Number of protein chains: 2
Amino acid sequence: MKPAIIRNGEQPGESETERAARLIRRAGARATPARVRVLRLLRSAPTALSHHEIEQSLGDLALDRVTLYRVLDWLVATGLAHRNADTRRTFRFSAASGSEHSAHSHFRCDGCGRVFCLDAAPPPPPRLPEGFLLSRIELDLRGRCAQCAGGAQ
Amino acid sequence: MKPAIIRNGEQPGESETERAARLIRRAGARATPARVRVLRLLRSAPTALSHHEIEQSLGDLALDRVTLYRVLDWLVATGLAHRNADTRRTFRFSAASGSEHSAHSHFRCDGCGRVFCLDAAPPPPPRLPEGFLLSRIELDLRGRCAQCAGGAQ
DNA sequence: CGGGTATCTGCAACAGAGTTGCAGGTACCA
DNA sequence: TGGTACCTGCAACTCTGTTGCAGATACCCG
């Protein structure tokens, strides 16, 4: 099961699973199947996923509910993933994509609640009240996604 | 306790309570003490308030938990208030301030979870994927408020 | 100013999402 | 190839918000 050892540089032929495992070890934790599967899933998802959606997507490989929460918490804590509350007040998770940590754009669908990550230009940093510390800017767009706007109205 | 009756026009001397009652009646509903108190509170609050914070603020005049939820739902439905899920995935409510409906800026504190409404310039409308409908833009700032950044680190 | 009624309120019970404690399992270091 | 610190799964719990229903009341109308 274990392939030839791969060096630290990001080799082009490295599988997504191996890449996920390496990211996890580099963060200083064990590359358990649970973590690898979840990170791999997040990295391949086009939208931010809810806990429930992740459970569904894992199918037969599904983890215990609590374990999934803990894996997600850990990913967020180490910065490998982002967490956001959606319109319906449930958390959604997305893989952190390396550099674009600090400025981000999301589209939240009022119909299905999904969150889409956009590559929109980061807005300029605004002025804040005295004493406030800024760590992250996000442009938050609300409306209806193509599916909800077109299909079922 | 009841002062002289005041006419319908927005008189400068009109109390905040009377103004709230008038807004509620104009929306086509009964100006019950519950609604008046809550709307008045939201209109005077500097930040978006959670259900719990509202309960606390009302003190002795507190309503039933469920009634408060229903009052808030109604305020949101009629457009007199906005609802937003905060960092900790609890809803926060703020009074709608007339015109500035569509573009808004919030600062969410990662420390205490509070949400502050800012008067930042509305960001320019970005390009969206085909078929997406935009209804609202919001600039979402994350970090620590003066209190959390200064006081307890 | 008082009565009738649709609208509100409060209580109780429930549902969804996330958290905590603890016993047992396992990835990884040596 | 062990040993051990770190993970996982189970059970029980908390917090936030929702639904159903019976009783109360703001407001319209006379």
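Just so we're on the same page: letters track the sequence lines, and every chain starts at 1. Computed from a prediction, not measured in an experiment: that's the story for all the values here.
Rounded to a whole Å, the CG atom of A/Leu58 is 13 Å from the P atom of D/dT8. When rounded to the nearest whole Å, the span between CG of A/Leu68 and P of C/dG18 equals 10 Å. If you take CZ of B/Arg37 and C1' of C/dC8, they are 13 Å apart, rounded to a whole angstrom. One can place CG of A/Leu49 at 16 Å from C1' of C/dA17, the figure rounded to the nearest angstrom. In this structure, CG of B/Asp86 is placed 14 Å from C1' of D/dG17, rounded to the nearest angstrom. In this structure, B/His51 atom NE2 and D/dT14 atom C1' are separated by 16 Å, rounded to whole Å. At whole-Å resolution of the value, CG in A/Asp64 and P in C/dG25 are 15 Å apart. Atom OH of A/Tyr69 and atom P of D/dA11 are 17 Å apart (whole Å).
Between A/Arg83 and A/Leu75, every side-chain heavy-atom pair lies at or beyond the 4.5 Å cut-off.
Contact annotation for B/Arg25: backbone-only contact, meaning every heavy-atom pair under 4.0 Å involves sugar-phosphate atoms and none involves a base. Residue-level contact check: A/Arg65 touches the bases, meaning some heavy atom is under 4.0 Å from a base atom. At the heavy-atom level, A/Asp73 lies under 4.0 Å from the strands shown only through sugar-phosphate atoms. A/Arg83 comes within 4.0 angstrom of nothing in the nucleic acid, heavy atoms only. Note on A/Thr67: a base of the nucleic acid sits closer than 4.0 angstrom, heavy atoms only. Looking at heavy-atom distances under 4.0 Å, B/His52 makes no contact with the nucleic acid at all.
The aromatic rings of B/Phe132 and A/Phe107 sit perpendicular, their planes meeting at an angle over 60°, well past the 30° parallel limit.
Checking the phosphate oxygens (OP1, OP2) of C/dT26, no side-chain nitrogen or oxygen of A/Thr32 falls inside 4.0 Å.
For A/Arg70 and C/dT19, a side-chain-to-base donor-acceptor distance below 3.5 Å is absent, hydrogens and geometry of angles not being considered. The base of D/dC6 sits with one of its N or O atoms less than 3.5 Å from a complementary donor or acceptor on the side chain of A/Arg30.
When each of B/Leu41, B/Leu49, B/Val76 is tested with B/Phe93 by the rule side-chain contact (heavy atoms from CB on, under 4.5 Å), just one qualifies, namely B/Val76. Remark: of the listed residues B/Leu58, B/Val71, B/Leu42, B/Leu58 is the sole one forming a side-chain contact (heavy atoms from CB on, under 4.5 Å) with B/Arg37.
Toward the 5′ end of DNA chain C lies the nearest nucleotide of B/Pro33, the other residue of the pair B/Pro33 and B/Arg89 mapping further downstream.
Nearest to the side chain of A/Ala29, among C/dC28, D/dC7, D/dA11, sits D/dC7.
Classification of A/Asp140 and A/Arg108 as a salt-bridged pair holds, one side-chain N sitting under 4.0 Å from a carboxylate O.
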